[in-house]
Amino acid sequence: MASSQRPILDIEDGVNLSAAEKAQLARGFAFAADEVMTVCAPQAVTVVVESVSYVESDYQPEGLAVAILRWLEEEFCLPGHDVHVTFDRDANLYRFEWPK
């Protein structure tokens, strides 16, 4: 019997992220949650975020969503999702285009 429980994202208390940054992690996680549930059924899955590291000069909170999505793809052998990341030199920031 397959589990219908969605995977859980657990960001440990010691991870120093703002509410907006946690929301970005949750966004990327939710994007692939159904696929993780399918791959791992019937077992329940909890992904625990123990730390987050990044290069401060290139950091944007929106990148956390893509980072966790790419980690899920690799960890659970999911097909790649079509998220386009480009660098806007004029604005000096990365642009993230998510599929609809």
Side-chain angles (χ1 to χ4, degrees):
M1 181 171 163
S3 170
S4 61
Q5 182 178 353
R6 289 182 57 83
I8 297 169
L9 176 63
D10 178 13
I11 303 169
E12 290 193 344
D13 291 338
V15 178
N16 189 21
L17 294 175
S18 69
E21 291 168 320
K22 290 177 182 178
Q24 288 295 333
L25 281 175
R27 177 184 185 199
F29 186 80
F31 202 78
D34 287 341
E35 292 167 86
V36 171
M37 184 174 60
T38 299
V39 168
C40 295
Q43 293 185 344
V45 173
T46 299
V47 172
V48 179
V49 178
E50 296 176 342
S51 67
V52 174
S53 63
Y54 51 85
V55 177
E56 287 188 38
S57 62
D58 293 333
Y59 177 72
Q60 286 178 227
E62 302 87 354
L64 292 171
V66 177
I68 197 164
L69 176 61
R70 297 296 184 235
W71 181 85
L72 290 167
E73 291 168 352
E74 186 173 319
E75 186 68 22
F76 296 99
C77 300
L78 303 178
H81 294 82
D82 195 21
V83 178
H84 293 283
V85 181
T86 57
F87 185 72
D88 181 337
R89 289 193 187 280
D90 293 333
N92 194 34
L93 55 79
Y94 290 93
R95 303 266 183 210
F96 304 91
E97 185 179 327
W98 290 79
K100 300 201 188 299

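Position 1 is the first residue of the sequence, and the numbers go up from there.
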query = Got a sec, which residues hit salt bridge (charged side-chain N to carboxylate O under 4.0 Å, His left out) with R70, two or more places apart in sequence or on another chain?
reply = E73
query = Sequence neighbours excluded, which residues qualify as side-chain hydrogen bond (donor to acceptor under 3.5 Å, both in side chains) partners of D88?
reply = R95
inquiry  = Taking transitive links into account, so neighbours of neighbours count too, which hydrophobic residues share a cluster with L93 at under 4.5 Å side-chain distance?
reply    = none
inquiry  = For L25 versus I11, what's the shortest heavy-atom pair and its separation?
reply    = CD1-CD1, 3.8 Å
Listed once per pair and sorted, the salt bridge (Lys or Arg N to Asp or Glu O under 4.0 Å) pairs that draw on residues 29-49, sequence neighbours left out = R6-D34
task = Locate the shortest heavy-atom distance separating P99 from V83; write the atom from each residue and the value.
result = CD-CG2, 4.0 Å
key: Contacts of type side chain to side chain contact (heavy atoms under 4.5 Å, CB included), residue E56, not counting sequence neighbours   = Y54
note = Heavy-atom closest pair (F96 atom, V66 atom, distance to 0.1 Å) is CD2-CG2, 3.6 Å
query = How long is the span from the CG atom in D82 to the NZ atom in K100, to the nearest 0.5 Å?
reply = 12.0 Å
Spacing of L9 atom CG and I68 atom CD1 [to the nearest 0.5 Å] = 5.0 Å
message = Could you measure the distance from the CD atom of Q5 to the OG1 atom of T46? Nearest 0.5 Å is fine.
response = 7.0 Å
query = In chain order, what residues pass the side-chain hydrogen bond (donor to acceptor under 3.5 Å, both in side chains) check against E21, with sequence neighbours excluded?
reply = S18, Y59
request  = State plainly whether one hydrophobic cluster holds both L69 and V15, where clusters connect Ile, Leu, Val, Met, Phe, Trp and Tyr through side-chain heavy atoms under 4.5 angstrom apart.
outcome  = no
message = Checking E97 now: which residues fulfil side chain to side chain contact (heavy atoms under 4.5 Å, CB included) with it, not counting sequence neighbours?
response = H84
key: Test side-chain hydrogen bond (donor to acceptor under 3.5 Å, both in side chains) applied to Y94 - qualifying residues, sequence neighbours left out   = none
From CZ (F76) to OG1 (T38), nearest 0.5 Å = 12.0 Å
inquiry  = Show every ring pair (Phe, Tyr, Trp, His ring centres under 6.0 Å) that has at least one partner inside residues 5-28, sequence neighbours left out.
reply    = none
request  = Kindly write out the residues that satisfy ring-ring contact (aromatic ring centres under 6.0 Å, His included) with W98, not counting sequence neighbours, or none if the list is empty.
outcome  = F31
ask   = Any side-chain heavy atom of M37 within less than 4.5 Å of one from V45?
value = no
query = What do you reckon, is CD of E12 surrounded by more than 12 foreign heavy atoms closer than 6.0 Å?
reply = yes
remark   = For L72 and G28, the nearest pair of non-hydrogen atoms, with its separation, is CD1-O, 4.2 Å
inquiry  = Please list all pairs meeting salt bridge (Lys or Arg N to Asp or Glu O under 4.0 Å) that have one or both residues in residues 58-68, counting only residues at least two apart or in different chains.
reply    = none
request  = Please identify each residue that fulfils side-chain hydrogen bond (donor to acceptor under 3.5 Å, both in side chains) with D13, with sequence neighbours left out.
outcome  = none
